[in-house]
2 protein chains.
Amino acid sequence: MIRVVLVDDQQLVRTGFRMVLGAQPDIEIVAEAADGAEAVAALRGIRADVVLMDVRMPRMDGVEATRLILAEPDAPKVLILTTFDLDEYAFAAIRAGASGFLLKDVPPADLLSAIRSVHVGDAVVAPSTTRRLLDLVTAYLPSESRPVGNLNVLTAREREVLLHVARGLSNMEIAAQLHLAEATVKTHLGRILAKLELRDRAQAVVYAYESGLISSRPKG
Amino acid sequence: MIRVVLVDDQQLVRTGFRMVLGAQPDIEIVAEAADGAEAVAALRGIRADVVLMDVRMPRMDGVEATRLILAEPDAPKVLILTTFDLDEYAFAAIRAGASGFLLKDVPPADLLSAIRSVHVGDAVVAPSTTRRLLDLVTAYLPSESRPVGNLNVLTAREREVLLHVARGLSNMEIAAQLHLAEATVKTHLGRILAKLELRDRAQAVVYAYESGLISSRPKG
DNA sequence: GTGGGAATCAGTCCTGAGGCGGACCGGGAT
DNA sequence: ATCCCGGTCCGCCTCAGGACTGATTCCCAC
């Protein structure tokens, strides 16, 4: 028997889920809550396996509630439900340790199999949002280290130019700063790109930060 | 009609898939290949919608093949198949832009729906491995401790594009990674530059680092 | 249902950027 | 003296990048 808790601020939504889940022989609804605070409180008294958690709720949202719930020993799995597509809140919830992510318009059959999946330890992500999730992963997981041509293959003058490029200046602006002709700056930059095996100035900026040539100063 | 290409070094596996897919009225197998090199070569001659790609193969593995295939204009979607669980190779394939990830013991019905899903642009991840994917996300995604600044004037999608710009990718490459047209990427980037009052992508890279959107990690 | 923001894509236009070749100068190494 | 190299400068040519306009779809808010 899978012990489920419903958390949603809309009465109607809870009713809908209750009807779907209530008909299942292996699922039992052990509590309901209208916001995150209620959910956390309710879970202190009972043992549950899976929490169906809305993200946007008054008082305490689903993210914070998820965080608190999962901080407890022997915590249940949390399955996030939202009306909209994958958004900030949903990501935050996943970071908080949620086991999955579904849209509220999920077909009943899918909802049920999702509950059973998270119960056995698997995770579930709505098909339409898996795409975004993968995109995110590729965005943050940089492709493995580049071969990196070394910084000291550059001449002093080239490093100087790179420094300016890495501040976001145009060739013209760099020329003015260094009292050079634009053509000269282009020549230097061309050599820099060739030596470091970079394609364009944008990659040069990335290189400057990643190599430690310059370092970001968090606020100021 | 969905035009599918099978890539696997084991004759037997291809035969199995051929039998499953062959029975479908809306699916057509247009080519088969025994390794990555063959697959790339085969795809040069024909138009395909979905490639079922094994990861571990002789000569050229599925990751490299995926990278090459997706670098072409008008590339098909690539669906990764492995015998084992989510491993290095599979992640590399996802980074290379694959649309999904399944185990070879996937039930035929699931395989078919997966093919149809990726064909329409969605992504698919085997349920048993979604867990790891989420773990990955939580492990690598920076905690919500971002100083942001003006960053929240950007939409989620724009931030995503900025993330890719900040890694030195060209508009074309970003388009491929995010499964968009180059025109769309340019539109997004244009709005990003306008909102953040930046001039070009090089300044966008600077902004990404300085705002803490990404942080340099001079290797560990 | 009407309006508006977000996301998607197309097409045009113009400029900065970057590749390539060539040239001159000064100094250090040979 | 000669040669090489780093720094400087120039022109030519192509193209990716960015500005702008406009259209469509979806979905939410009023």
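Predicted, not measured: the structure shown is a model, and the values here were computed from it. Lettering of chains follows the sequences in order, A, B, ..., and the numbering in each one begins at 1.
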Filtered N/O pairs between nucleotides 18-20 of chain D and protein, under 3.5 Å:
| from | atom 1 | to | atom 2 | distance (Å) |
| --- | --- | --- | --- | --- |
| D/dG18 | OP1 | B/Arg201 | N | 2.6 |
| D/dG18 | OP2 | B/Arg201 | NH1 | 2.8 |
| D/dG18 | N7 | B/Lys186 | NZ | 2.9 |
| D/dG18 | O6 | B/Lys186 | NZ | 3.0 |

Discussion item. D/dA16, OP1 or OP2 - any side-chain N/O from B/Ser170 closer than 4.0 Å?
Written reply: no
Fill in: Electrostatic pair B/Glu64:B/Arg59 at N-O distance under 4.0 angstrom
no
Worksheet item: Just one of A/Asp8, A/Val5, A/Val7 clears the side chain to side chain contact (heavy atoms under 4.5 Å, CB included) bar with A/Met53, so which one?
Response: A/Val7
Discussion item. When you compare the side chains of B/Arg201 and A/Gln203, does any donor N or O come within less than 3.5 Å of an acceptor on the partner?
Written reply: no
Fill in: Nearest-neighbour nucleotide for the B/Thr184 side chain, D/dG7, C/dT8, C/dA10 considered
C/dT8
What N/O pairs connect the protein and nucleotides 25-30 of chain C at under 3.5 Å? Give each pair on its own line.
none

Practice prompt. Measure from CZ on B/Arg159 to C1' on C/dA6 and round the result to the nearest Å.
Written response: 13 Å
Item to complete: Applying side chain to side chain contact (heavy atoms under 4.5 Å, CB included), run through B/Leu52 and B/Glu32 and close with a yes or a no.
Response: CA-CA 9 Å; B/Leu52 296 186; B/Glu32 294 188 20; over 6 Å; no
Fill in: Gap between atoms CE and P, on A/Met172 and C/dA17 respectively (whole Å)
9 Å
Fill in: Nucleotide D/dG17, atom C1' - distance to CG of B/Leu162 in whole Å
16 Å
Worksheet item: Would you say D/dG7 has OP1 or OP2 under 4.0 Å from some side-chain N or O of A/His188?
Response: no
Worksheet entry | Salt bridge B/Arg199-A/Glu173, side-chain N to carboxylate O under 4.0 Å | yes
Worksheet entry | Verdict with reasoning, A/Val185 to A/Leu178, per side chain to side chain contact (heavy atoms under 4.5 Å, CB included) | CA-CA 9 Å; A/Val185 175; A/Leu178 298 182; 5.7 Å; no
Fill in: D/dC5 phosphate, OP1 or OP2, under 4.0 Å from A/Thr155 side-chain N/O
no
Response to the item:
Looking only at C/dA10, D/dC9, C/dA7, the nucleotide nearest the B/Ala183 side chain is C/dA10
Worksheet item: Between the side chain of B/Thr66 and the main-chain N/O of B/Gly62, is any donor-acceptor distance below 3.5 Å?
Response: yes
Worksheet, complete the sentence: A/His179 atom NE2 is separated from D/dC9 atom P, nearest whole Å, by 12 Å
Worksheet entry | Nucleotide D/dG7, atom C1' - distance to CG of A/Leu180 in whole Å | 9 Å
Fill in: Separation of C/dA17 P from B/Gln203 CD (nearest whole Å)
10 Å
Fill in: Whole-Å gap separating P (D/dT8) and CG (A/Leu178)
8 Å
Worksheet item: Do B/Asp200 and B/Leu198 come close enough that some side-chain heavy atom pair is under 4.5 Å?
Response: no
Worksheet item: To the nearest Å, how far apart are A/Lys195 NZ and C/dG18 P?
Response: 17 Å
Worksheet item: Given A/Gln24 and A/Arg116, is the side-chain hydrogen bond (donor to acceptor under 3.5 Å, both in side chains) satisfied, shown in steps?
Response: CA-CA 11 Å; A/Gln24 299 302 311; A/Arg116 298 192 179 102; 3.0 Å; yes
